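Read the structure below first, then the notes.
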2 protein chains.
Amino acid sequence: MSSTPPFHETLDLTLCGSMGRVHRLCRDAVTLAVEPLGLTQSRWTAMMHLFHLNQGCTQQELANSLGIEMPSLTRTIKQLEQQEIIARKADAEDKRSKRLYFTEQGLQLLDTLQVIIADVKQHLYADLTTEQLDTMAHGLIQMEQNARQCIRHYSGDK
Amino acid sequence: MSSTPPFHETLDLTLCGSMGRVHRLCRDAVTLAVEPLGLTQSRWTAMMHLFHLNQGCTQQELANSLGIEMPSLTRTIKQLEQQEIIARKADAEDKRSKRLYFTEQGLQLLDTLQVIIADVKQHLYADLTTEQLDTMAHGLIQMEQNARQCIRHYSGDK
DNA sequence: TTAAAATAGTTAGCATGCTAAGTAAATGGA
DNA sequence: TCCATTTACTTAGCATGCTAACTATTTTAA
């Protein structure tokens, strides 16, 4: 027994591959469930984050919340605007900024979306205890910090 | 205290967003570290998996190991072949299959790659105990199963 | 034995992340 | 005050995942 490798070593080369795979699968599950609403992953994710940030935030704030870069968000915002789910209004104070709001229809769609996502989430978390989920969440945060430091190490510092 | 929500609830809407983010960051960290070798993420990942499968496997087997679809792999294989890191040889038994082998240079590159990845991995896992990593690995497997079932639920079964 | 179904691989084109480089507005220091 | 820097956002184009649809081969079954 003492020579058995730790379980996670057997799973994947860096755990990263598994995370990518689980990420894609969870994403696909939700996207499939919300398919009737005509939303892709990037769109429903942005909607959920906009809801949690409260309306009226800037694109920069939303991008930070999503953990993606601005250009990635620009495309999604444009689509949501074309679908008339959200509206962009120039900030009166700072003419560079655009603030984001749900339209009337957008709010209705959001309601439906929330219900569906809550349901899917239950399925995704099935058979996982709160302790397990919390351990995973803490681990993810730690790995995120490690990775960022690692990136700094290999790029900036030479 | 009793009304405090579980930690993972505060982290992200579905944990999926975090996984995607950590996945991208880990991937970037390794890719940056192996940059001198001229390899992108999909290429070094494929090399590592090919090594673990032993040479001579088919593209289908490698795709399964990587958890990606065939067309995604085709592109990567083509690049690795152009870089003369791997070679494809038609199977004598089954003319549809192509078996994958490292070239001489490919093997040398692999050696260097392994050393670098082992190093990066240490950084990425810093401050995480074996127990934590194992819990995460088990959780990921469970979530992967849940997601697959969920996808079946929303697509096939109606 | 031969036509239908399954399997290995490819090509074409979409979704979503990224970086690099550009525009317009705000800010800060000479 | 005014030019240089910074900031918010956009555009262009790449990397890597995907599905759909095609070819060629193998297997299955009538």
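Chain naming here is simple, since letters A, B, ... match the order of the sequence lines and numbering starts at 1 in each. Keep in mind that what you see is a predicted model, and the values were worked out from it rather than measured.
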Inset, instruction - Answer with base, sugar-phosphate or nothing: what part of the nucleic acid does A:Arg99 contact at a heavy-atom distance below 4.0 Å? - result: nothing

Inset, instruction - Could you tell me whether B:Ser42 contacts a base, only the sugar-phosphate backbone, or nothing, with contacts defined as non-hydrogen atoms closer than 4.0 Å? - result: sugar-phosphate

Inset, instruction - Rounded off to whole Å, could you give me the CD-to-C1' distance for the B:Gln79 and D:dT16 pair? - result: 9 Å

Inset, instruction - Could you tell me whether A:Arg27 contacts a base, only the sugar-phosphate backbone, or nothing, with contacts defined as non-hydrogen atoms closer than 4.0 Å? - result: nothing

Inset, instruction - Starting from P on C:dT10, measure out to NZ on B:Lys95 and report it in whole angstrom. - result: 18 Å

Inset, instruction - Please round to the nearest 0.5 Å and tell me the distance separating atom CG of B:Leu73 and atom NZ of B:Lys78. - result: 11.5 Å

Inset, instruction - For A:His23 and D:dG17, give me the distance from atom NE2 to atom C1', rounded to whole Å. - result: 10 Å

Inset, instruction - Return the nearest nucleotide to the side chain of B:Thr58; candidates are C:dA26, C:dC18, C:dG9. - result: C:dG9

Inset, instruction - Starting from P on C:dT19, measure out to CD on B:Gln41 and report it in whole angstrom. - result: 15 Å

Inset, instruction - If the plane angle is over 60° it's perpendicular, under 30° parallel, otherwise tilted; pick one for A:His123 and B:Tyr154. - result: perpendicular

Inset, instruction - Could you state the atom-to-atom distance from CG of B:Asp91 to P of D:dT27 in whole Å? - result: 11 Å

Inset, instruction - Look at the side chain of A:Gln149 and the backbone N and O of A:Asn146, then say whether any donor-acceptor pair between them is shorter than 3.5 Å. - result: no

Inset, instruction - Using whole Å, report how far CD of A:Glu69 lies from P of D:dC9. - result: 13 Å

Inset, instruction - Give A:Glu93 one of three labels, base, sugar-phosphate or nothing, depending on what nucleic acid heavy atoms sit under 4.0 Å from its own. - result: sugar-phosphate

Inset, instruction - Identify whether any heavy atom of B:Ser72 sits under 4.0 Å from a base atom; if not, whether one sits that close to sugar-phosphate; answer base, sugar-phosphate or nothing. - result: base

Inset, instruction - Indicate whether OP1 or OP2 belonging to D:dT11 is found under 4.0 Å from a side-chain N or O atom of A:Lys78. - result: yes

Inset, instruction - Remember a base hit wins even if backbone is also touched, and classify B:Thr40 as base, sugar-phosphate or nothing at under 4.0 Å, heavy atoms. - result: sugar-phosphate

Legend entry - Contact nearer the 5' end of DNA chain C, comparing B:Arg88 with A:Thr76: B:Arg88

Inset, instruction - Please state how far atom CD1 in A:Ile77 lies from atom P in D:dC9, giving the value in whole angstrom units. - result: 9 Å

Legend entry - Nearest listed nucleotide, side chain of A:Asp94, among C:dT19, C:dA26, C:dT16: C:dA26

Inset, instruction - Could you work out which one of D:dT10, C:dG9, D:dT16 sits closest to the side chain of A:Gln59? - result: D:dT10

Inset, instruction - When you get a sec, tell me which of D:dG17, C:dG17, D:dA8 is the closest nucleotide to the side chain of A:Ser97? - result: D:dA8

Legend entry - Side-chain N,O (B:Arg21) to OP1/OP2 (C:dT16) below 4.0 Å: no

Legend entry - Spatial distance of atom CG (B:Leu100) from atom NZ (B:Lys89) [nearest 0.5 Å]: 10.5 Å

Inset, instruction - From the options D:dA20, C:dA8, D:dG17, select the nucleotide whose nearest atom is closest to the side chain of B:Gln60. - result: C:dA8

Legend entry - Atom pair CG/CD of B:Asn64 and B:Glu69 - distance to nearest 0.5 Å: 8.5 Å

Legend entry - Atom pair distance, as rounded to whole Å: CG in B:Asp28 and P in C:dG17: 13 Å

Inset, instruction - Look at the side chain of A:Arg96 and the base of D:dT7, then say whether one donor and one acceptor between them are separated by less than 3.5 Å. - result: yes

Inset, instruction - Would you mind telling me which of D:dT19, D:dG17, D:dA8 lies closest to the side-chain atoms of B:Arg75? - result: D:dG17

Legend entry - Side-chain donor/acceptor of A:Thr103 to backbone N/O of A:Ile85, under 3.5 Å: yes

